[in-house]
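Notes for the one structure printed next.
Each ligand, and each atom within it, is numbered from 1 in the order the structure gives. Atom set for the values below is all heavy atoms of this structure, side chains included, hydrogens, waters and symmetry mates excluded. For reference, positions follow the sequence shown, starting with 1.
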Amino acid sequence: MNELVSLEFHDGVAVITISNPPVNALSPGVPEGILSSIQSAAGDPAVKAIVVIGARRTFIAGADIREFGKVVSGEKPRRSLLPLLREIEDCPKPVVMAIHGTAFGGGLEVAMAGHYRVLAGSAQVGQPEVKLGIIPGAAGTQRLPRLAGVAKAVEMCAFGQPVGAVEANASGIADAIIEGDLLAGGIAFAREAAARPHTKTREREEKLLGTDPVIFERAREQAAKTRRGQAAPLAAIEAVEAATRLSFDEGCAREAELFDRCLYSTQSKALIHAFFAERAVSKIPDVSQETAVQEIRRAAVVGAGTMGGGITMNYANAGIPVTVKETTQEALDRGMANIRKNYASSVKKGKLSQAEMERRLALIAPQLTYDGFDQADIIAEAVFEGMTLKKQVFAEIDGIAKRGCIFASNTSYLDIDEIGSVTRRPELVVGHHYFSPANIMRLLEIVRGRATSREVLATSMALAKRLGKIGVLAGNARGFIGNRMLTPYLREAQFLLEEGASVEDVNNALYDFGIAMGPLAMSDLAGLDVGWRARREFKHLEKPGVRVPLVADRLAEMGRFGQKTGRGWSKYDENRHASPDPEVAALIEQTARKAGIERRAIGRDEIVDRTIFALVNEGAHLLGEGIALRAADIDVVYLNGYGFPAWRGGPMFYADTIGLKTVVNRIEEFRKHHGDELWQAAPLLRRLAESGSSFGEFDRQKQAAAGV
Ligand code: 3H9
């Protein structure tokens with residue numbers, strides 16, 4: 001008992017309540033409080049049974065993740081939870097865990113040490129540690145297979161997905177689902193349990209017997225495919241496997257070894273960084289938490305193309321009625337057919353019910369006019385990328401929209417201020433830059449124009465959350481954060497081709513680094529016509545005499561637009577499988593020779609360093625210019641919008657792990673070979689490297705200065 005854990009008595013039942021907002025994590029003091037409460041209740045002859053419950057929104061959401069950072073930096077030794085769990089399990093009186101919200105990680109481990117678990121219907125339980133690059137470290141891999149069976153335990157520990165109350169009940173993790181008041185139900189359950197003998201989870205062996213080793217083989221194959229490059233899922237499988245071969249205590253010892261190995265790895269530091277970065281990103285220093293957030297009851301979208309259709313779906317998915325406008329019936333029909341096709345495919349995969357699909361479709365009003373746009377609280381513009389067209393649309397909607405309506409442009413490169421200049425309400429103009437496919441990708445860049453109001457930014461952040469997105473604030477620079485960094489990344493990928501690497505060399509080196517798709521494969525997916533069009537729009541900004549990639553425009557001129565035309569940097573079959581195209585290899589070689597570029601053998605390290613350090617250096621420019629608020633924001637952009645591997649933490653975190661001095665030295669080598677115009681370490685990067693600092697430290701100091 002302490003200020004985090006309280007003990008009360010309800011007529012023979014002791015109720016232990018954990019109260020450590022926001023999510024009742026097992027921060028220092030919580031395990032101690034549970035232990036002393038269990039001991040008091042166990043020693044009190046008036047107590048027949050014990051209920052453990054969480055205050056407010058949830059049961060225990062796990063160990064306090066902030067503590068892991070301290071462990072890794074050596075600040076504080078880790079205290080094991082195992083003795084507490086054994087004390088709970090050895091308690092002579094039945095301990096009933098009453099679970100609502102989430103019992104995750106250490107929370108589920110505490111719950112499994114109880115003799116019974118009763119769940120609210122909306123509760124979820126899980127061992128999501130692998131998402132942080134670690135494995136359960138308090139016997140989760142040993143108790144879960146004893147309750148849920150080995151196959152379910154492997155699935156939950158290695159892949160981290162939670163299960164709901166019904167599944168938890170069916171699999172043996174839960175003993176009952178409580179309708180109505182959880183505490184009252186838990187107490188009633190505990191009273192009945194007091195009359196029966198109870199078993200300790202660690203002594204339940206029946207579900208371990210006769211385990212089929214194929215379970216582990218299959219899980220390893222699945223991990224290799226879906227968790228490419230990650231160590232924790234394999235460690236989790238090994239730990240559960242140990243439960244089937246070793247005694248409980250030996251299994252716990254094996255788990256502890258594997259846990260420590262994971263905890264001290266760079267992968268877990270990177271994933272923990274990503275966890276906190278995703279939660280910090282919505283905090284904007286000059287937009288206080290008290291800023292008024294406008295309620296979005298109705299939305300309208302201009303354009304039902306690929307992006308407009310996806311944006312429309314986002315609103316409908318969040319239950320917001322949305323009007324979508326196109327200029328021709330044909331385009332409108334095509335757009336709606338795509339939306340229906342996307343929903344139908346989710347229904348087919350079992351991710352959506354037919355009734356839910358119909359409900360969402362009913363929220364969408366397709367039309368050729370601006371009728372009803374005067375009712376919208378937000379109008380999202382998703383027409384072709386061109387300044388003249390965007391300005392025309394903004395001028396039109398300015399004449400129709402109601403007062404206070406937010407205008408959000410989905411531009412991916414253009415100047416938000418210039419777009420907004422044609423309206424009488426620049427303070428309501430903002431960029432909402434979605435990533436394709438817009439209904440799936442989690443990233444939303446929220447672009448702040450010169451006049452964008454704080455209320456519009458706060459509303460945009462809240463809306464992003466409601467739409468299931470992660471909103472990241474970006475300044476109004478060409479390409480904002482993600483696409484501006486992409487330009488030097490793709491430039492280097494193409495230069496490497498001209499200098500002698502093959503399309504496959506470049507794609508494979510970055511795929512093996514962990515990126516979801518190599519840069520040229522990504523360009524083929526996005527469409528080579530997109531960059532071609534953008535380059536024409538910005539041709540006037542090219543500096544004369546500075547080397548530019550030579551082949552991409554040639555491919556686009558040949559009608560090789562990538563996957564959609566079956567040919568781009570690679571050839572694609574009807575199933576969109578890529579194969580090398582000798583015609584492209586010849587074109588690259590010919591073009592390079594004609595331009596006098598020396599061809600040579602290029603290794604994987606050079607491919608990775610030139611492309612990734614180009615990203616990092618541009619990221620440092622963006623930070624220095626204030627276009628990105630924090631290095632961690634840039635990481636969130638790349639993790640959620642560009643397939644950067646989460647276990648590397650994002651480009652800026654990756655640079656910190658390499659050491660900024662090393663990064664600057666490498667950039668210096670590139671500068672010597674390729675010239676000052678292409679390679680100059682960004683001033684901020686140079687400054688941090690010279691002072692032995694890091695992007696992480698830069699963020700911490702900036703946060704501290706802003707008082708966030
Ligand atoms: C573990 O348990 C290892 C064990 O095996 C033991 C080994 C010995 N710690 O996500 P939200 C904060 S590993 C500290 O926005 P939601 C979060 O940073 C752990 N802080 O809310 C945020 O703070 P702020 C296994 C935590 O409703 C605030 O709570 N457990 C923790 O969308 C709200 O979070 C997990 O991996 C934590 N464990 O989602 C669970 N969790 O307001 C991780 C949250 O300052 N957490 N915070 O930005 C989650 O999945 C979600 O946070 C949860 C709530 C579903 C709980």
Side-chain angles (χ1 to χ4, degrees), residues 4 18 20-31 34 54 56-72 76-85 99-113 122-144 153 156-164 232 235-236 239-240 252 255-264 268-269 271-284 289 442 461-462 464-466 468-471 630 632 636 646 703 708:
L4 300 169
I18 296 133
N20 181 27
V23 294
N24 296 331
L26 294 162
S27 319
V30 174
I34 300 175
R56 286 174 287 272
R57 60 198 262 205
T58 185
F59 191 72
I60 302 166
D64 187 335
I65 302 168
R66 288 167 306 181
E67 293 293 305
F68 293 143
K70 294 184 192 164
V71 170
V72 173
K76 210 172 167 191
R78 179 168 59 91
R79 263 166 305 165
S80 172
L81 279 177
L82 291 178
L84 163 67
L85 304 193
I99 297 168
H100 71 298
T102 48
F104 278 178
L108 179 55
E109 289 170 310
V110 168
M112 290 190 296
S122 57
Q124 291 196 316
V125 300
Q127 299 284 178
E129 287 88 341
V130 283
K131 295 183 185 169
L132 302 169
I134 55 175
I135 65 167
T141 61
Q142 307 302 302
R143 285 199 178 87
L144 190 54
M156 288 174 68
C157 294
F159 302 103
Q161 289 314 326
V163 299
V240 178
C252 287
E255 181 195 80
E257 282 166 18
L258 291 161
F259 176 86
D260 278 352
R261 196 194 293 163
C262 289
L263 183 61
Y264 289 92
S268 98
K269 285 186 217 168
L271 286 158
I272 289 173
H273 161 76
F275 177 87
F276 285 116
E278 285 188 5
R279 282 155 183 85
V281 82
S282 62
K283 293 169 186 142
I284 308 172
Q289 299 290 317
R442 283 178 79 209
M461 278 294 174
K465 204 163 186 185
R466 198 168 156 202
K469 308 284 170 196
I470 300 187
R630 289 159 287 235
V636 172
Q703 295 284 97
V708 180

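- With a 4.0 Å cut-off on non-hydrogen atoms, E67 does not touch ligand 1 at all.
- Assignment of P136 to the shell around ligand 1 is supported, since a heavy atom sits closer than 4.0 Å.
- Looking at I65 next to ligand 1, an N or O pair under 3.5 Å apart turns up.
- Backbone and side-chain nitrogen or oxygen atoms of G137 are examined, and one is located within less than 3.5 angstrom of a nitrogen or oxygen of ligand 1.
- Shortest non-hydrogen contact noted between G471 and V281 is O-CG1, 3.4 Å.
- Counting only heavy atoms from C-beta outward, the side chains of N24 and F59 never approach each other to under 4.5 Å.
- No side-chain heavy atom of S27 sits less than 4.5 Å from a side-chain heavy atom of E67.
- Residues V130 and A236 come closest through the heavy atom pair CG1-CB, 4.2 Å.
- In the vicinity of P22, heavy-atom distances shorter than 4.0 Å reach the ligand 1 atoms 28 (C), 29 (O).
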- Verify salt bridge (Lys or Arg N to Asp or Glu O under 4.0 Å) between E278 and R442, making sure each step is shown before the conclusion. CA-CA 11 Å; E278 285 188 5; R442 283 178 79 209; 3.7 Å; yes
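- Seen from the ring of F68, R66 does not count as a face-on cation partner, given the 6.0 Å and 45° thresholds.
- Considering only heavy atoms from C-beta on, M461 stays 4.5 Å or farther from K469 through its side chain.
- Under 4.0 Å from ligand 1, heavy atoms of A61 appear from its side chain as well as its backbone.
- Here's the thing with K283: one of its N/O atoms is less than 3.5 angstrom from an N/O atom of ligand 1.
- In terms of N/O distances under 3.5 Å, ligand 1 is approached by G106.
- Of all the heavy atoms of E109, the ones lying under 4.0 Å from any atom of ligand 1 belong exclusively to the side chain.
- Within ligand 1, the atoms closer than 4.0 Å to a non-hydrogen atom of F276 are 18 (O), numbered from 1 in the order shown.
- Under 4.0 Å from ligand 1, not a single heavy atom of T58 appears.
- If you check the side chains of T102 and Q124, you find no donor sitting under 3.5 Å from an acceptor.
- Short contacts between ligand 1 and E129, defined as distances under 4.0 Å to a heavy atom of the residue, involve ligand atoms 1 (C), 2 (O), 3 (C), 4 (C), 5 (O), 13 (S).
- For ligand 1, the polar-atom distance check finds an N/O of R57 within less than 3.5 Å of one of the ligand's N/O atoms.
- By the criterion of a heavy-atom distance under 4.0 Å, the side chain of V23, and not its backbone, is placed next to ligand 1.
- With ligand atoms numbered from 1 in the order given, ligand 1 contributes 2 (O), 25 (C) to contacts under 4.0 Å with heavy atoms of G105.
- In plain terms, the two heavy atoms of R143 and L85 that are nearest each other are NH1-CD1, 3.7 Å.
- Looking only at distances, a side-chain donor or acceptor of E109 sits under 3.5 Å from a matching main-chain atom of A138.
- If you look at T102 next to ligand 1, the close heavy atoms, those under 4.0 Å, all belong to the side chain.
- Within the 4.5 Å cutoff, no side-chain heavy atoms of S122 are placed close to those of H100.
- Annotation: side chain of Q289 is in contact with side chain of K283 (closest heavy-atom distance under 4.5 Å).
- Listed by atom number, the atoms of ligand 1 under 4.0 Å from F68 heavy atoms are 3 (C), 13 (S).
- Within ligand 1, counting atoms from 1 as listed, the ones closer than 4.0 Å to a heavy atom of D64 are 9 (N), 14 (C).
- The shortest N/O to N/O separation between A63 and ligand 1 falls below 3.5 Å.
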